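Accompanying notes for the structure given below.
All values below were derived from every heavy atom in this structure, side-chain atoms included, with hydrogens, water molecules and symmetry-related copies excluded. Model, not experiment: these values are computed from the prediction. Per chain, numbering begins at 1; letters A, B, ... match sequence-line order.
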Amino acid sequence: MNMSTQLNSNQQEAIACTKGPLLVLAGAGSGKTRVITSKIAQLIREEFVPESHILAVTFTNKAAGEMKRRAMGMLNRPHLGTTISTFHSLCLRILRREAVLLGYTSNFSVCDSADALSLIKRILSETGRKNQKEYAPKKVQALISAVKNQSASDRKLEQLPAIDQILDQYDAALRQNDLMDFDDLLLNTVAIFEQNPSILAHYQSQFPYMLVDEFQDTNATQYRLIRLLAETAIHICVVGDEDQSIYGWRGADFENILNFPRDFDGCRVIKLEKNYRSTSKILDIANAVISHNSMRNPKVLYSDIHTDGEFVLYEAPMPQEEGVFIAKQVQALRQQGVPLNDIAVLYRANYLSRTMEDAFRRRNIPYRIVGGYKFYDRKEIKDILGYLRIIRNPSDNLSFRRIVNVPRRKIGPATIEKLESIHPVLFKSLEQLPDRFPRKQELKEFHSIIESFRKREDFGPDFLRDLIERIGYIEMLKAEEETLEAETRMENLSELVTVVGDYLDAEENPTLNGFLDTVSLLSDTDEIEDDDRVNLMTIHCAKGLEFNSVFVCGLEEGTFPNQRTMGSSRELEEERRLMYVAITRAKQNLYLSFSRERGWKWDMNRKKMSRFVKEIPLNLLKVNRPVTGLSHSRLLTAAHSSSIQPKHPNSDNSESTCTIQKGDTVMHHSYGEGAVLNVVNGNRMVVKFKRAGIKVLNSRLVQLKKD
DNA sequence: TTATGACGTATTTTT
DNA sequence: TACGTCATAA
Ligand SMILES: Nc1ncnc2c1ncn2[C@@H]1O[C@H](COP(=O)(O)OP(=O)(O)OP(=O)(O)O)[C@@H](O)[C@H]1O
């Protein structure tokens, strides 16, 4: 047995258990994923289970791909008929066959979050809620999802009483457009199963063996789906760790772990307590942090790896210095022979990657951003996909609105509104245009382009090339962008053509539907990148991964934990779990860093060190400071050597950002003269202008008028 | 009615 | 920086 297939006795026990329900409960790096992978191989090889009878559910497409690759490696097979996928891809596959039962066509499309958001914006403005702050589109979108999954808190429902009405309109619009959002994929599958016992039975018998990874991050709907599918299963195995539950904000509920033994009779519970990933010192740090959570069951996690490593805490005066520190450390690690691939820089939010990128670029250190801004989010890609979607599904008003005037056809909002009154399905209205109608020529031309491609049965690279050619997209790019920008966009389009080619090669019977499905769920960059680069990603993105050396940056109060989570202990504990996940990605070296100031170039704010760092006993970390920052380093030393925080009464921001006070008279370039009524946070102020009335604005926009 | 440019504001995490 | 909104020009 080689290293990559070794199993300890608890793991072996978990794998040997192939009947009935099984819950594997274990901390980070204890080999849960390995248990699932080995179990797939074991079932096929030793128990002669037909490979198609196994269903394994993972959290991301990337994880699914990786698991499949490993299982094929263990079985020494070039192909594997086992379904290994995310809940969403699984449901989409089922719905393509069954959704007609719910009144969708078999060509329904999946609406991504951006499309859904634009629909929500339209509904909000149609109902006159456009500029109401409590109905911020993103908030509404999150709440819609929560309501659909029955995980909305009463407090939030009360805050937005109109949510029911908005939700009705939203769902009605999706239905009319033959669209499903991400939640619908799961909900509609559950609905079909609940309403059609024979269909449920069919899928139950197709998957008598069910395995679920990252179980702590399943939401109520996913759990229902598991219960339905596993009702008659020979074996259902779920693995998870409540300390790694980091998707509560999306409706995930780690209580599912506690409910599982109750809901599945005769459930066995196996715990794995040995960590194979990290040194014992890293686990000490991780445990110190997570032990501050109250909503958890304490558990044992130990490591036999007692080798040394570096555990550094770095205080930077500014984000740029933080970047420089990380870049320098990376270079040092590289000197020591650590591959860049085995190094990760983790952060709470995507925007924090900017300063890191700068630092790496300046020093010519190769890096890659995992997740973040996606290929399929680019304008040109979404435009072309919009065409493909309207070709496949003419009811898709969202895509219609997106592309009907791209490239410019002089068809604006006013014309679209007229179309709407002819037929609620915009594309259909093109077939019923009255004799006199604005832009009739352009509309008919657009219609005939779409129709001509709908008739073609030869979806593939040439189809796509013809489409791009026919709509004049390249000319549009050349005409309206500077050449450099146009250049990259054109490269992206030819990349898309290549993607279609790859899809055609990989698929046995390729269809436009199939391609769009793959694309709409494939959010992470799935390409196997094997060139040696430092990995930059959010902590959420790093779940399930491991690296020799891990940097966690932006460890300030308000950044991590994020400001918005600091009001609720539930959310704060989720932030702490996120910190736990971050720390436990490291095998050997761990570098924590924060900056004493954070913000935008023009709006920097003083920050305190994150409480999560304070929760680590000082003797576990080596504290570093930049030479230039010495004069300002009281914060860190004081924070760590005693519990007393040195107070910086407003002197912090007032001197650097704002010399204007309440009562001053100020000038604004367009509002004119006004009196300052109030100053908030040192940089935002309420001003009563003589002509323009009361405004709230940033202090940098006004000048102090000397009396 | 559409296109364009100035100006304001806002950044959590993702299937 | 980047995006959406608003006012104005064509
Ligand atoms: N019995 C074992 N012997 C040696 N190495 C092991 C063993 N089991 C697992 N490992 C290794 O330990 C590391 C962590 O395993 P794995 O990713 O399966 O853990 P996990 O519990 O899924 O982690 P996480 O909860 O962080 O996702 C991997 O590098 C894996 O190869």
Side-chain angles (χ1 to χ4, degrees), chain A residues 57-64 85-92 110-114 116-118 121 125 130-131 133 136-139 141-142 145 149 180-186 214 217-219 221-222 245-252 346-354 358 370-374 376-377 379 405 408-418 438-439 442 480 520-524 537-543 554 558-566 571 574-575 577-579 581-582 598-603 668-671 683-684 695-698 700-701:
Chain A
V57 182
T58 60
F59 198 69
T60 62
N61 293 298
K62 199 162 88 192
S85 77
T86 62
F87 278 111
H88 294 270
S89 332
L90 173 72
C91 289
L92 181 51
V110 180
C111 145
D112 67 32
S113 341
L117 195 65
S118 73
K121 282 180 188 160
S125 59
K130 195 159 72 176
N131 290 325
K133 228 174 68 205
K138 286 226 168 104
K139 247 188 182 173
Q141 187 176 37
S145 171
N149 289 297
M180 294 190 200
D181 67 13
F182 286 131
D183 293 317
D184 290 334
L185 294 176
L186 305 170
E214 308 280 14
D217 285 320
T218 52
N219 67 20
T221 311
Q222 290 164 335
S245 163
I246 54 176
Y247 283 92
W249 53 273
R250 211 172 75 183
L346 308 182
Y347 35 80
R348 174 63 237 263
N350 283 309
Y351 73 91
L352 294 165
S353 73
R354 299 259 168 98
D358 285 344
V370 182
Y373 298 103
K374 300 159 203 156
Y376 295 104
D377 283 346
K379 262 195 225 88
N405 204 28
R408 300 258 135 85
R409 297 187 180 92
K410 302 187 175 153
I411 302 166
T415 308
I416 293 180
E417 201 165 319
K418 288 215 179 73
R439 313 292 177 207
E442 288 85 353
E480 74 181 28
S520 50
L521 293 185
L522 201 81
S523 49
D524 26 39
M537 67 188 98
T538 64
I539 302 167
H540 283 91
C541 226
K543 189 166 78 149
T559 311
F560 185 20
N562 182 284
Q563 190 69 44
R564 300 182 198 204
T565 64
M566 287 164 60
E571 291 181 69
E574 181 155 307
E575 295 283 292
R577 292 194 292 269
L578 200 52
M579 181 70 179
V581 170
R598 176 85 57 195
W600 307 273
K601 276 202 183 82
W602 52 86
D603 186 14
H668 184 272
H669 63 101
S670 57
Y671 298 145
N683 53 38
R684 298 193 63 75
K695 304 268 176 195
V696 180
L697 33 79
N698 194 304
R700 81 194 153 87
L701 299 172

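- In this structure, A:F87 reaches neither bases nor backbone, as no heavy-atom distance under 4.0 Å exists between it and the strands shown.
- A:T565 approaches A:E575 most closely through the heavy-atom pair OG1-CG, 3.3 Å.
- Minimum heavy-atom separation, A:H88 to A:Q222: NE2-NE2, 4.1 Å.
- As rounded to whole Å, 10 Å separates atom P of B:dT1 from atom CZ of A:R439.
- Distance CZ (A:F182) to P (B:dT14): 13 Å, rounded to an integer number of Å.
- With sequence neighbours excluded, no residue forms a side chain to side chain donor-acceptor pair (under 3.5 Å) with A:N562.
- For the pair A:A349 and A:S89, both in contact range of DNA chain B, the more 5′-proximal nearest nucleotide belongs to A:A349.
- A:D181 contributes no side-chain N or O that, together with a main-chain N or O of A:D112, makes up a donor-acceptor pair within less than 3.5 Å.
- Ring geometry for A:F59 against A:Y247 counts as tilted: the plane angle lies between 30° and 60°, on a 0 to 90° scale.
- Computed from coordinates, the A:N219 CG to B:dT14 P distance equals 17 Å when rounded to whole Å.
- At whole-Å resolution of the value, CZ in A:R408 and P in C:dA10 are 17 Å apart.
- Using a 4.0 Å heavy-atom distance criterion, A:D183 is classed as making no nucleic acid contact.
- The listed nucleotides are B:dT13, B:dT2, B:dT1; the one nearest the side chain of A:K418 is B:dT1.
- The aromatic ring of A:F59 does not sit over the base of B:dT15; the criterion of centres under 5.5 Å apart with planes under 30° is not met.
- Using a 4.0 Å cut-off, some side-chain N or O of A:T538 falls inside it from OP1 or OP2 of B:dT14.
- Spacing between atom OH of A:Y376 and atom C1' of B:dT15 amounts to 16 Å, rounded to whole angstrom units.
- The side chain of A:N350 contributes an N or O atom lying less than 4.0 Å from OP1 or OP2 of B:dT13.
- Among the atoms of the strands shown, none is found under 4.0 Å from any heavy atom of A:K379.
- Nucleotide B:dT13 holds its P atom 18 Å from the CE atom of A:M579, rounded to whole Å.
- Atom CD in A:E571 sits roughly 11 Å away from atom C1' in B:dT13 (whole-Å rounding).
- Checked against B:dT2, C:dG4, B:dT15, the side chain of A:T415 finds its nearest nucleotide in B:dT2.
- Using a 4.0 Å heavy-atom distance criterion, A:Y247 is classed as a sugar-phosphate-only contact.
- Closest contact between the side chain of A:P413 and the listed nucleotides B:dT2, B:dT15, B:dT14 involves B:dT2.
- The two residues A:A116 and A:Q141 have their closest heavy-atom pair at CB-NE2, 3.6 Å.
- B:dT13 atom C1' lies 16 Å from atom CD of A:Q563, rounded to whole Å.
- Of the candidate nucleotides B:dT13, B:dA3, B:dT15, B:dT15 has the atom lying nearest to any side-chain atom of A:T86.
- In terms of position on DNA chain B, the residue among A:L578 and A:N405 whose nearest nucleotide sits closer to the 5' end is A:N405.
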